[in-house]
Amino acid sequence: MQTFDGIGMTSRRTRGRMIERLREQGISDEAVLDVMSEIPRHIFLDEALSHRAYEDTSLPIGYQQTLSQPYIVARMTELLLEKRPRKVLEVGTGSGYQSAVLARLVERVYSVERIAPLLEKARLRLRQLKLGNVLFRHADGGMGWPDRAPFDGILSAAAPRQVPDELKQQLAIGGRMVIPVGDQQLQHLITVDRTDSGFIETVVEPVRFVPLVSGRLA
């Protein structure tokens, strides 16, 4: 497994504490923990906030968007991996951190982001980490990436009021979507499993995400 050097001993210790905290919070997938222990989360934030990268909190990345807290990244990834996906759609590239985690765990990631400057920063960060199995698209995330469907897994980093039909139709039979759903007052993380006979939605836990907004921003 590829490792990333040049991060400094302080960062390594801080990252180690983050992993121990994730274990205490119930994250048990060792592959997820291993990858998150190696990816330098601090490079996905502006320098002024990089010292807070391993705190258990969401952090701003501009354009009213956030980098999700480590627990949420780990939990959503763990839920997605239960179905052993090879081809994953990510709705909301954001900083690119979740993209990097997925890139280490699945064969191919298709990541859609509506805010062009965020997308370009994420692209550069993944190039810096030499992760070449992520394809990016500047588009309305709620519409997914129909030309590349079907996907074994779909993960959304923003919350619609209800699961978009466009995304459900891009999920392969036997695949799983992990997505926060609700308004700004009440949201829940849910899984959507597609079977031969339809879709099964399961509520996982309460969460708080930015809303899924339509349209693109140059």
Side-chain angles (χ1 to χ4, degrees), residues 1 14-42 44-45 52-61 65-106 109-112 122 134 141 151-160 162-163 167-168 171 175-194 199-212:
M1 186 176 286
T14 304
R15 200 177 310 172
R17 289 195 293 271
M18 178 188 77
I19 298 303
E20 288 308 308
R21 187 169 61 243
L22 290 175
R23 292 184 191 278
E24 293 168 0
Q25 291 171 308
I27 302 301
S28 59
D29 189 311
E30 290 299 326
V32 174
L33 292 169
D34 286 347
V35 166
M36 290 183 65
S37 74
E38 293 182 359
I39 293 177
R41 184 178 165 89
H42 57 277
F44 293 89
L45 292 163
R52 300 188 59 194
Y54 303 99
E55 296 179 7
D56 190 30
T57 186
S58 60
L59 294 166
I61 58 173
Q65 304 299 301
T66 59
L67 169 60
S68 295
Q69 69 188 93
Y71 169 76
I72 288 295
V73 173
R75 183 67 172 131
M76 294 180 73
T77 306
E78 184 175 64
L79 288 167
L80 196 72
L81 290 185
E82 288 178 358
K83 294 292 184 175
R84 301 183 181 276
R86 298 175 60 189
K87 180 182 176 184
V88 171
L89 170 67
E90 179 189 26
V91 177
T93 310
S95 69
Y97 178 71
Q98 176 75 79
S99 314
V101 172
L102 289 171
R104 297 290 309 282
L105 294 164
V106 304
V109 179
Y110 296 84
S111 189
V112 181
V134 181
F151 300 99
D152 307 314
I154 299 177
L155 187 151
S156 177
Q162 59 187 18
V163 182
L167 295 183
K168 292 170 72 172
L171 190 62
R176 168 174 287 181
M177 185 187 319
V178 181
I179 184 169
V181 175
D183 55 31
Q184 287 299 88
Q185 282 69 49
L186 181 64
Q187 296 176 4
H188 286 91
L189 186 66
I190 70 169
T191 60
V192 181
D193 294 318
R194 187 170 192 178
F199 299 90
I200 300 172
E201 296 188 7
T202 305
V203 175
V204 180
E205 59 188 83
V207 290
R208 176 62 63 89
F209 277 79
V210 297
L212 182 64

Could you give the distance from CG (Asp152) to CG (Leu80), rounded to the nearest 0.5 Å?
9.0 Å
Could you state the interatomic distance from CD1 (Ile27) to CD1 (Ile19), rounded to the nearest 0.5 Å?
10.0 Å
Under a 4.0 Å N-O cut-off, is there an ion pair linking Arg23 with Glu30?
yes
Pairs meeting criterion salt bridge (charged side-chain N to carboxylate O under 4.0 Å, His left out) with involvement of residues 83-99, two or more places apart:
Arg86-Glu107
Would you say the side-chain atoms of Arg15 pair up with the backbone N or O of Ser37, donor to acceptor, closer than 3.5 Å?
yes
What's the shortest heavy-atom distance between Glu78 and Ser28, and which atoms?
OE2-N, 2.8 Å
Quick one: CZ on Phe199 to CG on Leu171, what's the gap to the nearest 0.5 Å?
6.5 Å
May I have the step-by-step check of side-chain contact (heavy atoms from CB on, under 4.5 Å) for Gln69 and Arg208, ending in yes or no?
CA-CA 10 Å; Gln69 69 188 93; Arg208 176 62 63 89; over 6 Å; no
Considering non-hydrogen atoms only, spot the tightest contact between Arg52 and Leu59 and give its length.
O-CD1, 3.4 Å
Side-chain contact, heavy-atom cut-off 4.5 Å: His188 with Leu186?
yes
Using side-chain contact (heavy atoms from CB on, under 4.5 Å), reason through Leu33 and Leu22 one step at a time and then give a plain yes or no.
CA-CA 8 Å; Leu33 292 169; Leu22 290 175; 3.9 Å; yes
Look at Glu20 together with Arg17 and state whether they make a salt bridge at an N to O cut-off of under 4.0 Å.
no
Holding to side-chain hydrogen bond (donor to acceptor under 3.5 Å, both in side chains), I want the full list of residues that pass it with Glu24, two or more places apart in sequence or in another chain.
none
Return the minimal non-hydrogen interatomic distance between Val210 and Ala157, and the atom names on each side.
CG2-O, 4.1 Å
Roughly how far apart are Leu167 CG and Leu212 CG, rounded to 0.5 Å?
7.5 Å
Compare all side-chain heavy atoms of Leu67 with those of Arg41 and state whether any distance is below 4.5 angstrom.
yes
Using side chain to side chain contact (heavy atoms under 4.5 Å, CB included) as the criterion, list what pairs up with Pro211, not counting sequence neighbours.
Gln184, Val213
Which pair of non-hydrogen atoms, one from Gly94 and one from Ala122, has the smallest distance, and what is that distance?
O-CB, 3.9 Å
Under the side-chain contact (heavy atoms from CB on, under 4.5 Å) criterion, do Val192 and Arg194 qualify, and how do the steps go?
CA-CA 7 Å; Val192 181; Arg194 187 170 192 178; over 6 Å; no
Check: Gln65/Ser95 side-chain N/O donor and acceptor closer than 3.5 Å:
no
Starting at CZ of Arg75, measure out to CG of Leu79 and round the result to the nearest 0.5 Å.
4.0 Å
Hey, are the side chains of Ile61 and Phe44 touching, using non-hydrogen atoms and a 4.5 Å cut-off?
no
Taking the side chain as every heavy atom from C-beta outward, state whether Thr77 and Gln98 have any atom pair closer than 4.5 Å.
yes
Can you tell me if Glu205 uses its side chain to pair, donor with acceptor, with the backbone of Leu189 under 3.5 Å?
no
Please evaluate residues Tyr54 and Met36 with respect to the criterion side-chain contact (heavy atoms from CB on, under 4.5 Å), reporting the C-alpha separation (whole Å), side-chain torsions for both, the decisive distance (0.1 Å), and the verdict.
CA-CA 10 Å; Tyr54 303 99; Met36 290 183 65; over 6 Å; no
Search all heavy atoms of Pro180 against all heavy atoms of Ala158 and return the closest pair with its distance.
CG-O, 3.5 Å
To the nearest 0.5 Å, what is the distance between CG on Leu102 and CG on Leu81?
7.5 Å
Looking only at atom types and distance, does a side-chain atom of Gln25 sit under 3.5 Å from a main-chain N or O of Tyr71, one as donor and one as acceptor?
no
Closest non-hydrogen contact found for Met76 with Phe209 is SD-CZ, 3.6 Å
